[in-house]
Each structure stands twice: as structure tokens, then as C-alpha cells.
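Notes follow once the structure below has been shown.
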Amino acid sequence: MLHSEFARRFNVRIPIRGGITLAADLVLPAELPAPAVVMRTPYGRSGERQTVRADAFAKAGYCACWVDVRGRGDSEGVFEPYRNDGPDGVDVIAWAAAQDWCDGSVATFGGSYPGRIQWLTALHSPPELRAMIVLVTPADPFVENPTGLPGPMHIHWFRMTDGRAMQYTEAVDWMEVYRHRPLTDLDEAAGFHSELWREECRHQTLDAWWEPVRYQHRIDEVDVPVLHISGWYDDEEIGTPANFARLHAAGRAGQRLLMGPWGHNVNAGSTLGELDFGHDAVIDMEAAMTSFLDEMVRGRPPANPSPAARIFLMAANQWLALEGWPAPGSAELAWHLDSDGHANSRYGDGRLRDEPAGAQSPADAWVHDPDRPVPFITDASSAQIGGPDDYAGVESRGDVLVYTSAPLTEPLDVVGPVRLVAFVSTSAADTDVTAKLIDLHPNGFAQRLCDGLVRLRYRAGHERAQAVEPETVYEVEIAMWDTAQRFLPGHCIRLEVASSAHPKFAANLGAGGDESEVTEGVVAHNRLYHDAARPSRLLLTVLAS
């Protein structure tokens with residue numbers, strides 16, 4: 001519903017460095033001057049959703065300033081994703097603070113791309129910036145996608161943002177595009193040319209080219225109150241709790257974490273896929289955000305003080321109030337991998353045990369064929385990659401190792417980061433190791449919770465690739481992101497291990513060298529070891545009982 005009492009100004013020009021102007025729309029409350037809330041986006045500053053959000057801030061007494069980033073929409077300049085948005089943000093914040101309708105205080109708001117560029121701006125310490133609301137924020141390069149290559153589904157985003165206006169993408173068979181080789185000309189397979197995509201393909205290590213778009217290695221420099229928001233099934237979830245944890249541990253005042261049972265479109269409903277998380281899954285997000293701004297920008301103490309972290313515990317379907325992330329007093333619980341050497345598929349003999357496997361526990365072997373990668377269940381759009389999907393069918397494949405605990409007799413609250421320490425070898429010049437945490441329901445529903453991947457050439461980090469010696473055993477650690485799940489009595493904890501998750505990640509072709517240019521793959525024969533000398537183990541963060 002539009003509010004007639006607000007003053008609206010369209011296509012206001014904001015002068016910034018380089019002699020160009022950005023386009024902005026304003027929604028101003030009746031009482032002025034007032035603090036400003038700035039949102040900058042490549043997805044179009046105007047539209048119903050944007051207007052509803054701007055009106056909500058104006059109703060709460062804030063001036064909403066919605067801006068097209070450089071080179072998008074009605075803004076001048078050339079769009080180079082993320083590369084100008086930090087300095088540009090400093091200029092926009094200074095401009096807003098200097099307007100007669102603003103009282104000199106500015107907060108920023110936005111999710112996904114508009115979330116990440118808030119961090120890039122905050123690194124410049126604009127003096128007028130009082131608070132940030134960052135939603136579903138992408139992490140640094142190679143954190144969400146550790147393959148060294150852009151994920152195939154990222155080409156959908158480049159098509160969607162090609163040119164100045166949002167592009168219609170439904171006319172393309174994206175699943176067919178994602179299978180194309182070589183990766184470097186995936187843009188041509190999708191019917192357009194993107195030098196931005198090709199440039200990303202050329203930078204497969206963390207070289208100087210990436211520095212302007214990084215922020216997490218410098219996040220301790222940020223001293224601004226931040227409301228960090230994401231969902232357990234946001235495909236960019238990993239950055240949000242990590243950013244909160246770093247700033248909270250550094251003693252930065254005003255840090256708040258809000259994590260719900262949501263995808264990339266937070267607070268959109270109580271259901272995802274086949275699961276219903278109950279009536280408490282949807283909250284009054286406007287109240288949460290305006291209360292945060294009132295406290296941090298206007299200095300108004302809230303009637304009900306917020307905890308440092310407000311976390312939705314799935315399966316229990318209830319909200320938890322925590323004083324940090326992970327919660328103080330949490331423990332890391334190890335589940336050891338074991339089998340009789342045949343953990344292949346859910347019909348195999350893979351086990352998760354609370355004690356280490358025996359000295360003679362035989363290794364499990366599997367084959368990675370890049371022409372037949374293990375599927376990652378997802379729709380074709382990059383707007384949301386994956387969810388609480390049922391992996392029982394995928395687990396019927398012999399190239400997926402499956403390790404399952406005995407049915408639980410008591411509830412187990414897994415709340416925090418999840419990791420796999422694995423000892424692996426390969427016959428190829430390179431391979432991937434994927435890991436996925438599953439809640440196995442008594443009816444056989446294999447609910448994906450979180451997952452991760454390591455590419456062996458980057459086992460020591462992405463600063464440089466390391467050679468992979470065939471048949472050499474490597475100890476690797478796979479960050480499987482975070483979750484908050486109550487494993488109920490009768491449910492089993494399950495771990496999947498494989499070497500691909502397509503199209504979320506580009507399949508490792510196993511040939512070594514520049515994988516963006518390769519068209520022919522090599523079949524890799526891989527092994528996972530879990531004996532006493534090589535104790536592969538799943539590490540879960542659990543709440544104190």
C-alpha cells in the first residue's frame with residue numbers, strides 16, 4: 001500500500017567521483033530532517049518490492065534513498081561488479097548526509113549484492129555511517145565456491161545483469177548450458193558474450209585482481225553496528241554468521257545476528273520444499289530492522305533488548321536466544337567414519353560411530369566420472385541454489401559414499417559450523433571431495449542440511465595451486481557451512497561423500513592445468529581412509545545440554 005503522506009522524488013542525480021552521476025529515488029517522511037537509509041543495487045531501484053520496503057522505512061521516520069549502482073539502470077558509468085562500489089558508496093553516503101532532508105546520520109541496507117557492497121564501503125570508514133543492515137551477504141572469493149572457477153550457475157547471474165536493465169532469462173535451457181565445455185565460453189553457450197565471466201575464469205587463485213572485491217580479511221577494521229540476516233538454506237549463508245562472529249569476538253558494539261529457516265529470499269514463508277517450519281518461521285522483519293535502527297542510529301533503547309544472536313532451530317521449530325556464534329559453551333562432537341570397505345550408496349555398509357574405527361578398517365573406493373557427475377538438486381535459476389531437498393535418490397549411486405549413524409535415542413541439537421576431516425587419495429592429477437550433512441528421517445526422507453567441497457589442488461588455500469601426486473594420501477578439511485537442526489529421536493545422522501555436485505560446482509575434469517579450457521575429462525579412482533592412523537571424522541557443533 002502506498003502512503004500519500006510521504007514525499008517522493010524520482011531520478012534524483014547523485015554526483016560521484018569520476019564526473020558521473022547515479023540515479024536515486026527518494027521516499028521522505030513527514031518530519032524532516034531525519035536519518036537516511038541508503039540502498040544501492042544493480043537489480044533496479046524501482047518496483048513494487050522496492051517501494052514497499054522504502055515506504056516501511058519512511059513510515060518509521062527514515063528517509064529512504066534507493067540508488068542504481070554505477071553502470072546499471074539510469075546511473076552513468078560502466079558496470080564492473082563490486083569494483084567501484086566501495087568508493088562509490090562513500091560518495092553516496094556523504095551526499096545523503098549533506099541534504100537538507102537528512103539530519104547527517106546515514107544507515108545502509110540491502111541483501112545479496114547490495115549486502116556485500118555495504119562491507120566494501122564500510123572498509124573506507126565513511127564518517128556519516130551509523131549502522132548497516134546486511135542480508136544474505138556473499139562471502140569473499142573462493143569461500144562459497146572453492147573450486148577456483150566460477151560455478152556454472154553463475155553464468156545465469158551474468159546473463160541476468162547483462163547490459164543496464166534486468167534481462168529475461170527463462171528462454172534459455174540453463175541445465176543444458178551448465179553441461180557445456182569448456183567452461184570459459186559458457187557465455188556463448190547461453191547466447192551472449194560476457195567478458196566479465198571470462199575474466200573470472202582467468203583468475204583461479206587469490207591474486208591481486210580479486211583484492212578490490214574482498215572484505216572478510218579486513219573485516220576487523222569495521223566498527224559500525226550491524227544487523228546480520230540470513231537463512232539456513234540461503235545459498236550464500238556462510239558469510240553471515242562468520243562476519244557476525246568476527247565482529248562480535250572483536251568487541252564491536254551493536255552486532256546482531258538473525259538466522260531463520262529461509263532461503264536467499266529471507267522471511268518469504270514458513271515452507272521450503274516439502275518442509276513446513278511452523279507459524280513462528282515468519283517474523284515481523286520490519287519491526288526487527290526499525291528497532292535495530294532506532295537503537296543504533298537514534299539511540300533509543302528498545303523495550304525488549306535483543307540477544308546477540310536470534311537463531312531458528314529447525315525440526316524443533318523454535319527461536320533460540322544466544323550470546324554469540326557459536327553459542328558459548330558449545331562443544332564439538334566427532335562422529336567417526338567406518339565401514340567394511342563398501343560404503344557405496346545408501347545400500348552399503350558405511351557407518352558413523354562415536355568411537356574411532358579399528359586399526360584395520362578398510363578404505364572405501366569410488367569412481368568420479370566427470371561426464372556423469374553427481375547431481376546437486378536445484379532449480380535452474382541462480383536466484384536460489386538448493387534447499388532442504390530429499391537426497392535418497394542421489395544416494396542410490398555407487399559413486400556416493402554414505403555413512404549413517406544408528407537411530408538417535410535422544411534429541412541432538414546441532415547448532416553451528418560443520419566440518420569433515422578426511423584422508424583421501426586419487427589416481428588423477430586432481431579431484432574434488434564433497435561432503436553433505438543429512439538428517440535421515442524414519443520414513444527415509446534424506447533432508448539436506450549443509451554441504452561443502454575441497455579441490456585437492458587448493459587443499460592449503462587459494463593463494464596458489466599445489467600439485468596432486470597420484471595415490472598419495474592427503475588429509476583435508478572441508479568446511480560444510482553452518483546449520484541449526486534438532487535431530488529428533490528415531491532420526492539418523494548421515495554423511496555423503498562424493499567428488500561432484502553439479503551444477504552447483506564445476507565438475508573437476510581431473511586433467512590438471514587450466515580447467516576452464518579443458519573439454520575432455522579423466523576418470524578418477526578415489527579412496528577415503530578411516531583407520532586408526534587416518535581417522536576421518538565428521539565434526540558437529542552441538543549445544544550444551
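All residue numbers refer to positions in the sequence shown, counting from 1. Computed from a predicted model, the values in this text were never measured in an experiment.
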task = Flag the pair Trp335 / Tyr403 as yes when their ring centroid distance falls below 6.0 Å, and as no otherwise.
result = no
query = Are any side-chain N or O atoms of Arg346 and backbone N or O atoms of Ala392, one a donor and one an acceptor, separated by less than 3.5 Å?
reply =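 Yes; at least one donor-acceptor contact below 3.5 Å.
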message = Any side-chain to backbone donor/acceptor pair from Thr108 onto Met132? Under 3.5 Å, distance only.
response =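 No; judged by distance alone, with no hydrogens or angles, the pair does not exist.
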Under 3.5 Å side-chain donor-acceptor pair for Asp432 and His368 = no
query = Just checking, any donor-acceptor pair under 3.5 angstrom between side chains of Gln318 and Asp280?
reply = no
Can you see which heavy atom on [X] is nearest to which on [Y], and at what distance?
X	Y	answer
Tyr82	Ile117	CD2-CG2, 3.7 Å
Pro152	Pro503	CD-O, 3.4 Å
Asp220	Leu247	CA-CD2, 4.4 Å

query = Which distance, rounded to the nearest 0.5 Å, do you find between the CG of Leu538 and the CD of Glu332?
reply = 9.5 Å
task = Can you measure from CG (Leu408) to NE2 (His491) and round to the nearest 0.5 angstrom?
result =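 Reported to 0.5 Å precision, the distance equals 9.0 Å.
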task = Could you tell me whether Gln360 atom CD has more than 12 heavy atoms of other residues or ligands within 6.0 Å of it?
result = no
task = Mark yes when over 12 heavy atoms from residues, nucleotides or ligands other than Glu410 sit less than 6.0 Å from its CD; otherwise mark no.
result = no
Intermediate values then yes/no, salt bridge (charged side-chain N to carboxylate O under 4.0 Å, His left out), Arg351 and Asp340 = CA-CA 9 Å; Arg351 300 179 291 274; Asp340 298 326; 3.4 Å; yes
remark   = Hits for side chain to side chain contact (heavy atoms under 4.5 Å, CB included) against Ala479, two or more places apart or cross-chain, chain-then-number order -> none
request  = Show your reasoning for whether side chain to side chain donor-acceptor pair (under 3.5 Å) applies to Thr426 and Tyr474.
outcome  = CA-CA 9 Å; Thr426 183; Tyr474 296 103; over 6 Å; no
ask   = So among Leu543, Ile493, Asp482, Leu540, which one has a side-chain contact (heavy atoms from CB on, under 4.5 Å) with Val414?
value = Leu540
